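Presented below is the structure to which this report refers.
Atom set for the values below is all heavy atoms of this structure, side chains included, hydrogens, waters and symmetry mates excluded. Ligands are counted one by one from 1 in listed order, and the atoms in each one are counted from 1 as well. Everything numeric here is computed off the predicted structure, so don't read it as measured data.
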Amino acid sequence: MTMNTLPPFRTGKSRLEQGYIQPIDGIEIPFGIIEGSEPGPCLLVTAGVHGSEYCSIETAVRLLKKKPEEIKGTLVVLPILNRQGFRKRSIYIMPEDGKNLNRMFPGKPDGSTSERLANWLVTEVYPQADAYLDLHGGDLDESLAPFTIFPKDCEKSKALATAFGIPVVIAAGGEGYTVNAANKVGVPSILPEVSGNGLWGEETVSEMMTGVERVMHSLGMISGPVKPAPQKVPQYVTMWVPSAPSDGLWYPAKEISDFVAVGDVLGEIKDVFGKVLATVRSEKEGFILYRLTSLAVNQGEALLGVGTPLAS
Ligand SMILES: [Zn+2]
C-alpha cells in the first residue's frame, strides 16, 4: 500500500520505517525514517531534486542503512525526490512539467508537478525538521570542486555548512531554492555539492557521507569520532553565475579552481563554423567553482560560477 503522507517523525520509540509515498498525484517517492531510542534532533536529508546527480543520491541511499541504535533523534531520508528525472537521466528538470524543481520553491498547491511537490515539502515536511541537508552535485553536464551553499544571513545555516566541512562555503541569496524555502519556515538548511558530470566514485560518495556524519555529530545525533574537516574554518565566498548570451558551442577558457580577474575571458560561444557569437568575461575577481562541460549550450543556461571570497 502506498501512503499519501509520511509517518510521524517522532514517536519516542526506536524504529525503522521504509517505503514509498504518493504525496501528490502521479508522484511516488521512496523514504526512510530512522528513529533512535533516545530523544534528539530531527535531521532531514533529501537528494535527487536533480535526478542525475548520482553522488548525492548514492550518499542518501547509504544513509537509509543507518540503524536506530546508532543515532539519537530521527533521521529522515528522501533519497530521490525527482524519480522520473532519475529514471530518464534528465538534466536539471522534472520530466513531468519540464521545470527545474530547485527554482520552484515554495511552490503552489494547485501548480504544475514540480510546484506541487515543492509546496508539499514546504508545508508538510520541512516544518517537522530541526535541520535540513539537500544534497546535490554537478549535473551530467557540469564539473565542480565541492562546495556548500547556505542561505546568507542565517547564522545557524552557516554553522551547519561549517560543520559539514567542505573547504568552500557559498553565502547565497535568491529565491526558489530548497534551502532558501526551508530557512524561511525556520529550519537551518544547507545545500552541499560534491562530484560532477553525474560521477559517483567511492572517494566522492564518502566525502559527502563524511560531511553528513559531521553534521549529525555536531547536532548530537551520533557519538564520535568523525573524521575532522580538512580545515577548521572554510573559505566563505559569494557566487556570480553568468548565463549564456546565445545558443551555440561552448568553449570554456578556465579550469575548475583557476583564479580569474575582472575582465578575464571565461569562454566563448561559437557557431559550428567557428564564428564567435559571444565572448564571456568575468565581472568578478575570484576562482572557478563549477562550469558547464557540455559542448552544446542554450541561451540563458548557467555557464559557470565564480566564487569571490568574503572579507572575514
Ligand atoms: Zn543539483
Side-chain angles (χ1 to χ4, degrees), residues 29 44-61 63 77-107 113-115 117-118 121-122 126 132-151 157 160-161 164 166 168-183 189-201 204-205 207-209 211-212 239 241 243 256 288-294 297-298 300-305 307:
I29 56 174
L44 170 68
V45 179
T46 61
V49 162
H50 296 136
S52 302
E53 295 172 358
Y54 303 129
C55 177
S56 55
I57 291 170
E58 173 61 13
T59 303
V61 165
L63 279 172
V77 185
L78 304 174
I80 314 180
L81 282 174
N82 175 2
R83 202 149 158 248
Q84 275 299 328
F86 179 75
R87 284 195 183 123
K88 294 185 181 297
R89 306 188 189 98
S90 296
I91 295 175
Y92 310 140
I93 62 153
M94 288 193 75
E96 290 90 340
D97 61 8
K99 291 176 178 171
N100 183 342
L101 175 59
N102 204 26
R103 300 291 181 275
M104 293 298 129
F105 283 78
T113 303
S114 56
E115 289 170 323
L117 184 58
L121 288 160
V122 171
Y126 292 168
Y132 173 38
L133 312 179
D134 184 31
L135 309 182
H136 284 250
D139 217 317
L140 291 175
D141 61 347
E142 293 166 342
S143 65
L144 63 75
F147 53 77
T148 303
I149 296 172
F150 76 97
S157 299
L160 281 181
F164 199 91
I166 291 175
V168 176
V169 167
I170 301 172
E175 301 285 320
Y177 304 92
T178 50
V179 294
N180 173 274
N183 188 43
S189 306
I190 60 169
L191 192 156
E193 303 227 14
V194 176
S195 193
N197 296 113
L199 297 170
W200 54 289
T204 52
V205 172
E207 182 177 1
M208 188 159 248
M209 180 59 90
V212 176
M239 180 163 65
V241 179
S243 52
I256 299 301
I288 305 292
L289 292 164
Y290 81 92
R291 70 169 166 82
L292 191 67
T293 54
S294 96
V297 67
N298 301 294
E301 283 177 349
L303 291 170
L304 51 82

Within less than 2.8 Å of the Zn ion (ligand 1), how many protein N/O/S atoms are there?
->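 If we list every protein N, O or S atom nearer than 2.8 Å to the Zn ion (ligand 1), we get 4.
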Check: [Y] and [X] side chains under 4.5 Å, non-hydrogen atoms:
| X | Y | answer |
| --- | --- | --- |
| Leu121 | Leu78 | yes |
| Tyr177 | Leu191 | no |
| Phe150 | Val169 | yes |

Nearest heavy-atom pair of [X] and [Y]: which atoms, and what distance?
| X | Y | result |
| --- | --- | --- |
| Pro192 | Ile166 | CB-CD1, 4.4 Å |
| Asp139 | His50 | OD2-CB, 3.8 Å |
| Ile93 | Gly98 | CG2-O, 3.4 Å |

